[in-house]
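To start, the structure under review is shown below, and the notes come after it.
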Amino acid sequence: MAYWLFKSEPSTWSWDDQVAKGDMGEEWDGVRNYQARNFMRQMALGDRGFFYHSQKERAVVGIVEVIAKAHPDSTTDDERWECVDIKAIKSVKTPVTLDDIKQVEALSEMVLVRNSRLSVQPVTEEEWAIVCEMAGISG
DNA sequence: GCCAACGTTGGC
DNA sequence: GCCAACGTTGGC
């Protein structure tokens, strides 16, 4: 199983919105970036991901699961763009902020730190475990 | 609200 | 195929 991070502006699509969709989940649509799309193409059913709020909040707020492999993005006719479907699994006990992450040496190579603009990113198993611990959950 | 970093576009 | 110009994202 692989681990990922999905970034969203809460004013556009928040963790609460995602949770409200329940087990039906929702398309992670609107991605118009090749790197991000390529990562989504690599995702498998059951892969886990962090749900991260960008902009003002800047924190990991929940855990999601991939429930549909990459398929055409329904918000565009442009066949270049694809997306996966994800559903909310659980909320964090404690949001893990970007500041928190930057304090941890073992997390200094996270894509979130290295390339803050990428909206869909891979997360290593070690990074996953550390952030889950900081969030007060078991992952 | 500003600006740095990055990706994309289009002219050559 | 290069590179300048431009647009967007997201941290600060």
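Computed from a predicted model, the values in this text were never measured in an experiment. Within every chain, numbering begins at 1; the chains are lettered A, B, ... in the order of the sequence lines, protein sequences first and strands thereafter.
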Exercise for the section: Would you please test I86(A) and E65(A) for side chain to side chain contact (heavy atoms under 4.5 Å, CB included) and show each step? Expected result: CA-CA 5 Å; I86(A) 60 174; E65(A) 180 179 322; over 6 Å; no

Completion exercise
Separation between NZ (K69(A)) and CD (E82(A)), nearest 0.5 Å, reads 11.5 Å

Exercise for the section: Find the distance R32(A):CZ to dG10(C):C1' and express it as a whole number of Å. Expected result: 19 Å

Practice task
Grab the CG-P distance between N33(A) and dT9(B) for me, whole Å please.
Solution key: 11 Å

Practice task
For Q35(A), enumerate each residue passing the side chain to side chain donor-acceptor pair (under 3.5 Å) test, keeping only those at least two apart in sequence or located in another chain.
Solution key: none

Practice task
Taking the six-membered ring for Trp and the full ring for Phe, Tyr or His, determine whether the centres of Y34(A) and W81(A) are under 6.0 Å apart.
Solution key: yes

Practice task
Consider only side-chain N and O atoms of S74(A) and E27(A), and report whether a donor and an acceptor are under 3.5 Å apart.
Solution key: yes

Problem - Ion pair check, R80(A) and D73(A), cut-off under 4.0 Å - result: no

Practice task
Let me know the distance between NZ of K7(A) and C1' of dC6(B), rounded to the nearest Å.
Solution key: 12 Å

Exercise for the section: Tell me whether the OP1 or OP2 atom of dC6(B) has a side-chain N or O from Y34(A) closer than 4.0 Å. Expected result: no

Problem - Distance, rounded to the nearest Å, where R58(A) contributes CZ and dT9(C) contributes C1' - result: 13 Å

Exercise for the section: Indicate, with a heavy-atom threshold strictly under 4.0 Å, whether K102(A) touches base, sugar-phosphate, or nothing. Expected result: sugar-phosphate

Problem - Polar contact flag, side-chain donor to acceptor under 3.5 angstrom, T75(A)-R32(A) - result: yes

Fill in the blank from the handout: Taken to the nearest whole Å, CG/L98(A) to C1'/dT9(C) is 14 Å

Exercise for the section: State whether Q35(A) places a side-chain N or O below 4.0 Å from either non-bridging phosphate oxygen (OP1 or OP2) of dG7(B). Expected result: yes

Problem - Exam field: side chain E109(A) to backbone A106(A), donor-acceptor pair closer than 3.5 Å - result: no

Fill in the blank from the handout: Whole-Å distance, I101(A) CD1 to dC12(C) P, equals 12 Å

Problem - Distance-only side-chain donor-acceptor flag, D47(A) / W4(A), under 3.5 Å - result: yes

Fill in the blank from the handout: Expected list for residues 111-124 of chain A near DNA chain C, using heavy atoms below 4.0 Å, is S116(A), R117(A)

Handout entry: Pairing stems for DNA chain C [at least three consecutive pairs; Watson-Crick or G-U; under 3.5 angstrom]
Key = B:1-12 with C:1-12

